[in-house]
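Proteins come first, then strands; the chains are lettered A, B, ... in the order of their sequence lines, and each starts at number 1. Only this structure's heavy atoms are used, side chains among them; waters, hydrogens and symmetry mates stay out.
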Amino acid sequence: DQQVKQNSPSLSVQEGRISILNCDYTNSMFDYFLWYKKYPAEGPTFLISISSIKDKNEDGRFTVFLNKSAKHLSLHIVPSQPGDSAVYFCAASLKSGNTPLVFGKGTRLSVIA
Amino acid sequence: DAGITQSPRYKITETGRQVTLMCHQTWSHSYMFWYRQDLGHGLRLIYYSAAADITDKGEVPDGYVVSRSKTENFPLTLESATRSQTSVYFCASSPVPYEQYFGPGTRLTVT
């Protein structure tokens, strides 16, 4: 059973507009969530994280929102740039339990100039 | 150079052969991980290690063997490779299990 779900395999957005990537999770015990970005032929790199005690975390153009009651998080990229084109993975962990990350299947974002 | 490296970056092998993928990190991180990435499946955890001589199974451990005799190395061995093990393999390390720093990956093809 998939504990972290990214239901959109791909997303296409025009340069300068907002990109919204979504992620749902089923395990209510998860208390730490991350987004990773992956370019072709490279390993994933950490982008932004959020603890379950918060509902928003912002870092430059990237903002992650957490809705615990809906077990849903989203990554907003504003404004989107062509260099943001990549696969984005959502991940979750039971931080207090020292458990490894559980990843979603990823969403491929294409930012069109 | 500091960081995490994987070797080889590309490997083609035949069904039934043993193959070992290497992972080396220079951060002295306690935790190390092996993932495979397949289309439609995302990143799936194969094995992880909390410290030297401590390893645990992940989501898809069958057909794989790991060892960790030194903190900085975490080799992954496919004892008898199968076509279903054709994949991109990523090693990661971290000081804690909920933040991971990934290597560049090894693309393995089993013919």
Is the number of heavy atoms from other residues, nucleotides or ligands within 6.0 Å of [atom1] ([X]) greater than 12?
| X | atom1 | result |
| --- | --- | --- |
| A:Arg17 | CZ | no |
| B:Arg17 | CZ | no |
| A:Arg108 | CZ | no |
| A:Gln14 | CD | no |
| A:Ile18 | CD1 | yes |

Check: So how far is it from A:Thr99 OG1 to B:Asp56 CG, rounded to the nearest 0.5 Å?
Finding: 11.5 Å
Check: CD of B:Gln37 to CZ of A:Phe103: how many Å apart, nearest 0.5 Å?
Finding: 10.5 Å
Using side-chain heavy atoms (C-beta onward) and a distance below 4.5 Å, is [X] in contact with [Y]?
| X | Y | answer |
| --- | --- | --- |
| B:Phe33 | A:Pro100 | yes |
| B:Glu99 | A:Ser49 | no |
| B:Gln100 | A:Phe46 | no |
| A:Pro44 | B:Leu43 | yes |

Are [X] and [Y] grouped together when hydrophobic residues (ILVMFWY) are joined by side-chain heavy atoms under 4.5 angstrom apart?
| X | Y | result |
| --- | --- | --- |
| A:Phe62 | A:Val64 | yes |
| A:Ile20 | A:Ile48 | no |
| B:Tyr98 | A:Phe89 | yes |

Notebook entry, point to check: Where does B:Arg9 contact chain A at under 4.5 Å (heavy atoms): side chain, backbone, both or neither?
Noted result: side chain
Margin query: Report which part of A:Leu101 has an atom under 4.5 Å of a heavy atom belonging to chain B: side chain, backbone, both, or neither.
Written below: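 Both backbone and side chain.
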Check: When heavy-atom pairs shorter than 4.5 Å are enumerated against chain A, which of B:Gly58, B:Pro104, B:Ala50 gives the highest number?
Finding: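 Among the listed options, the one with the most contacts to chain A is B:Pro104.
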Margin query: I need the residue from B:Phe90, B:Tyr101, B:Phe102 with the largest number of non-hydrogen atom pairs under 4.5 Å to chain A.
Written below: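 Most pairs with chain A among the choices: B:Phe102.
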Check: So, A:Lys105 side chain and B:His41 main chain: donor-acceptor pair closer than 3.5 Å or not?
Finding: no
